[in-house]
Amino acid sequence: MAIDQPPVAAAASFEALYRASADAVYAYTASLLRDRSAAEEVTATAFERAFRKSRSFDPKRGSQRAWLFGIARNAALDELRRRKRAATLTDEAAADEPVAEFEAEAAERRATVRAALAQLDPHDRDLIALKFHAGLGNSEIAAVLGISASNAGTRVHRALNRLREACHAPS
Amino acid sequence: MRRRETTLDPVVAAELDALEAALADDPAAEPELTELVREVRAEAPTMAPEFRAQLDERVQSGFARAPRARRGLSLPSFSRRSLLPALGVAGCLLAALVAVLVASGGSGDDGGSAGGVASQAQPAERRAGGAGESAGDSAAAGGGAEPAPTAKSLAPSAPGRRVERTTRLELTTTDVQRVADGVVRATQTSGGFVQLSQVRTGDGNGSATFVLRVPTAKLDDALAALSKLGHVRALEQSADDITGAYDSASARLQEARAERRGLLRALARATTGQEISSLRARIADNRRELQRRQREFNAVRSRANLATIQVDVVGRARKDAAAPDGGSWTPGDALRDAVRVLEVSAGVAVIALAVLVPLTLLGLAARFAAGAWRRRRREAAMSA
């Protein structure tokens, strides 16, 4: 979706971006906000902003995906600031998921990871979501956060270590 | 803005490489890390199908108030950045307009080209004030180029009345000879004649005096034409009602003609030689009387029908020897005006820059500060 693309091509490009990133954007915003309904709202807002500001995208300043997650992050932070709350993520999937005997061990591991994620600092959770859910590279994360790539790598490394520690910590 | 890059610690870099391998589901990746990646990804919240369908629909429709709909109005959408060149051009045009306006207003002082409204008002005041050197006289460097008053004679006389009109016009110029020639041409054009002329040309100090007789009906036109020849220093007009003298002369002439007709009839009836001789002597006397009265009548009629204009032309030294004194707008005038316009344009541009540059810098600083403040508030929201 280059700046000078014709409208039809730009619309097609945006739709392709949407198809490729919608799930990841939602997962990211939900991880950040820990509120499904707010995440839905923010996801829709992010895509709408991206659609309307598609002409402002500059490929020289980063990938299209990084640009989109930057918009999503700002929308999520605006939402956090507006609501002044950090609602707990309603764990519907875990509640509704039937746990078979043979999956007990896997379910326990997932519960551990879930708890570890919940314990993480919001900044670390932000980085983990960008890395694991959005699948961004370090340079893309740097573009989203407005920091250098090496700084982004260092922060991702720290967040990963904290996640590991939280997973191994006694519950 | 390029950010400072530092090299990563080798240990950190290695662990990040391992993470990348796990994220890529590389079989060679660390099993523990691969498992962690899988578990975290499994924890990724997923969209509800209803919301997904709703969002799909909004994307398909271009988010309701989509720009596509606005494109139907064929109104181009401008970003703030794309408007900057247009604003710049508009600013330059505005500056040029101001420059032209300022330049055209300033050139009126030179008297080189056609004067504006303000300068045209001066001669009118002088006419009202009568003779006397005007303070603005120095502005009129070019004789013919000076704003000429549309000099008009006094109020027209009532029907049946005979009015003798006399006007005195004083012109100053740097080229007496040219004005003198113009006076003669203007007089002939108006159907009049030069009754008297005295021209003395010198190096900027010449003078000329004319007594012109022009048909009273053409007096206004003649005065207008004469006033354009130089700077009008004074204009005096007077009107004298000579209806009585005209009627008296006319009556005396009719009387003499009637007497002549009577004498001629008597001569026709005369029979004796003495009578005929006497009548012929009286007719001869009457002829002389008739001629005299005819001259008197012609003189009075001439006073009524022909207005007298006395034109005094006073020469003066040129203030600017290079300045043309012609009535036309020469290429030299154009060049001077062009240079003047450029000078004023440059001045306006400098002033505009002096205002715009600090404003732009302030705007950029404010924008940068606002952006930083907004980013800080957002990050603070996450920390809260």
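Throughout, protein chains are lettered first and strands after them, A, B, ... in sequence-line order, and every chain is numbered starting at 1.
- Remark: side-chain polar atoms of A/R52 are paired, donor with acceptor, to backbone N or O of B/F63 under 3.5 angstrom.
- Here the shortest heavy-atom pairing between A/T154 and B/V12 reads CA-CG1, 4.5 Å.
- With a 4.5 Å cut-off on non-hydrogen atoms, A/R158 does not touch chain B at all.
- Residue contact with chain B, scored on non-hydrogen atoms closer than 4.5 Å, involves the backbone and the side chain of A/A22 alike.
- The contact between B/E32 and chain A is made entirely by side chain atoms (from C-beta outward), counting heavy-atom distances below 4.5 Å.
- The backbone N or O of A/A75 lies less than 3.5 Å from no partner atom in the side chain of B/R378, so there is not a single donor-acceptor pair.
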Report the C-alpha separation of A/E40 and B/M47 in whole Å, then their side-chain angles, then the decisive distance to 0.1 Å, and conclude whether the side-chain contact (heavy atoms from CB on, under 4.5 Å) test is met. CA-CA 8 Å; A/E40 287 178 353; B/M47 272 193 270; 5.8 Å; no
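- Contact of A/H123 with chain B is made through backbone and side chain together, with heavy-atom distances under 4.5 Å.
- At a 4.5 Å heavy-atom cutoff, the contact between A/K131 and chain B is made by backbone and side-chain atoms alike.
- Using a 4.0 Å cut-off between charged nitrogen and carboxylate oxygen, B/D56 and A/R19 count as a salt-bridge pair.
- For the atom pair OH of A/Y18 and CD of B/Q60, the computed distance is 8.5 Å after rounding to the nearest 0.5 Å.
- The contact list for residues 17-29 of chain B toward chain A, using heavy atoms and a distance under 4.5 Å, reads B/L19, B/E20, B/L23 by residue number.
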One pair to check against side-chain contact (heavy atoms from CB on, under 4.5 Å): A/N161 and B/E15. What are the steps and the verdict? CA-CA 10 Å; A/N161 283 345; B/E15 290 193 14; 3.8 Å; yes
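- Residue B/R375: no heavy atom, backbone or side chain, is found under 4.5 Å from chain A.
- The minimum heavy-atom distance linking A/R36 with B/T46 is given by the pair NH1-O, 3.3 Å.
- In this structure, no portion of B/R374 lies under 4.5 Å from any heavy atom of chain A.
- A 4.5 Å side-chain heavy-atom check between A/F14 and B/V59 finds at least one atom pair inside the cut-off.
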Q) Given A/L77 and B/R377, is the side-chain contact (heavy atoms from CB on, under 4.5 Å) satisfied, shown in steps? A) CA-CA 9 Å; A/L77 295 184; B/R377 283 190 70 185; over 6 Å; no
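- B/L36 and A/C167 make their closest contact through CD1-SG, 3.8 Å (heavy atoms, listed as atom of the first residue, atom of the second, distance).
- The residue among A/L117, A/N74, A/N138, A/T43 with the most heavy atom pairs within less than 4.5 Å of chain B is A/N74.
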